[in-house]
Amino acid sequence: MALAQLEFEISSIRRIARPILKWAGGKSSLLSVLSKYIPKEYKNYIEPFVGGGAMFFALQPESGILGDANAELIACSEAVRDTPEAVITLLSTYKVSSEEFYRVRALNPRVLSEPERAARMIFLNKTCFNGLYRVNRFGQFNTPFGHVTNVRLVYE
């Protein structure tokens with residue numbers, strides 16, 4: 001599987017940001033340990049398996065390349081980077097319920113617009129079992145509903 005990548009530049013105005021997705025193998029809980037091994041200065045920031053991006057958000061590098069084998073994840077990140085308002089608007093239309101989860105899960109991401117695709121990915125990630133991204137042999141997301149009720153899809 002090819003490694004999809006996302007190039008970015010951070011504006012001069014910094015904001016405190018956190019990962020928008022929960023990701024298996026995420027580094028959030030390891031940041032205090034990993035930060036001890038980060039050089040004070042470096043030229044290029046490259047993260048080949050970004051997942052939810054915990055290390056990226058913690059370091060906030062000026063520019064770099066984020067990659068992942070999961071093209072859906074990269075497409076979601078690009079849509080959030082390029083059209084955040086559209087993604088937020090779509091996310092605010094979703095209701096957290098089993099019925100809505102399975103309706104959204106059944107959508108074919110290949111026919112959705114980039115913001116729709118990103119909103120679908122974020123919604124499924126936040127409402128599925130343990131935030132687990134899993135697909136069947138046909139590439140269809142198949143993680144079950146996580147029976148969560150206190151999910152915040154949009155932060156203000």
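Remark: side-chain polar atoms of T143 are paired, donor with acceptor, to backbone N or O of L132 under 3.5 angstrom. The backbone N or O of N142 lies less than 3.5 Å from a partner atom in the side chain of R134, making a donor-acceptor pair. Between the D68 side chain and the I74 main chain, no donor and acceptor come within less than 3.5 Å of each other.
At least one side-chain heavy atom of V151 sits less than 4.5 Å from a side-chain heavy atom of L153. You'll find the side chain of F101 stays beyond 4.5 Å of the side chain of Y94, heavy atoms only. In this structure, M121 and P109 have side chains that are not in contact, with every pair of non-hydrogen atoms separated by 4.5 Å or more. By the 4.5 Å heavy-atom criterion applied to side chains, P61 and F56 are counted as neighbours. Between E78 and T83 there is no side-chain heavy-atom pair separated by less than 4.5 Å. Taking 4.5 Å as the limit, every side-chain heavy atom of F129 sits out of range of all side-chain heavy atoms of H147. Contact of the M55 side chain with the Y45 side chain is registered, since non-hydrogen atoms from C-beta on lie closer than 4.5 Å.
Every ring-ring contact (aromatic ring centres under 6.0 Å, His included) that Y133 has, sequence neighbours left out, goes to W23, F141.
Rounding to the nearest 0.5 angstrom, the gap separating the CZ atom in R81 from the CG atom in L66 is 9.5 Å. Considering CD of E100 and CZ of F145, their distance stands at 10.0 Å, rounded to 0.5 Å. In this structure, SG on C76 lies 4.0 Å from CD1 on I122, to the nearest 0.5 angstrom.
Listed by first and then second residue, the side chain to side chain donor-acceptor pair (under 3.5 Å) pairs involving residues 119-131 amount to none (not counting sequence neighbours). For residues 35-44, no pair satisfies side chain to side chain donor-acceptor pair (under 3.5 Å), with sequence neighbours left out.
A continuous path of Ile, Leu, Val, Met, Phe, Trp and Tyr side chains, each step under 4.5 Å between heavy atoms, connects V87 with I20, placing both in one hydrophobic cluster. Side-chain heavy atoms closer than 4.5 Å link hydrophobic residues (I, L, V, M, F, W, Y) into clusters, and following such links, even through other members, never connects L90 to L112.
Contact record, A54 with S28: CB-OG, 3.4 Å, taken as the closest heavy-atom pair. Contact between T89 and S92 at its shortest, heavy atoms only, is O-OG, 2.7 Å. Closest of all the heavy-atom pairs between A71 and R117 is O-NH2, 4.3 Å. The two residues R110 and G139 have their closest heavy-atom pair at NH2-O, 4.4 Å.
For the residue pair S113/E116, the side-chain donor-acceptor check at 3.5 Å is satisfied.
With respect to the salt-bridge test (charged N to carboxylate O, under 4.0 angstrom), the residues K27 and E47 qualify.
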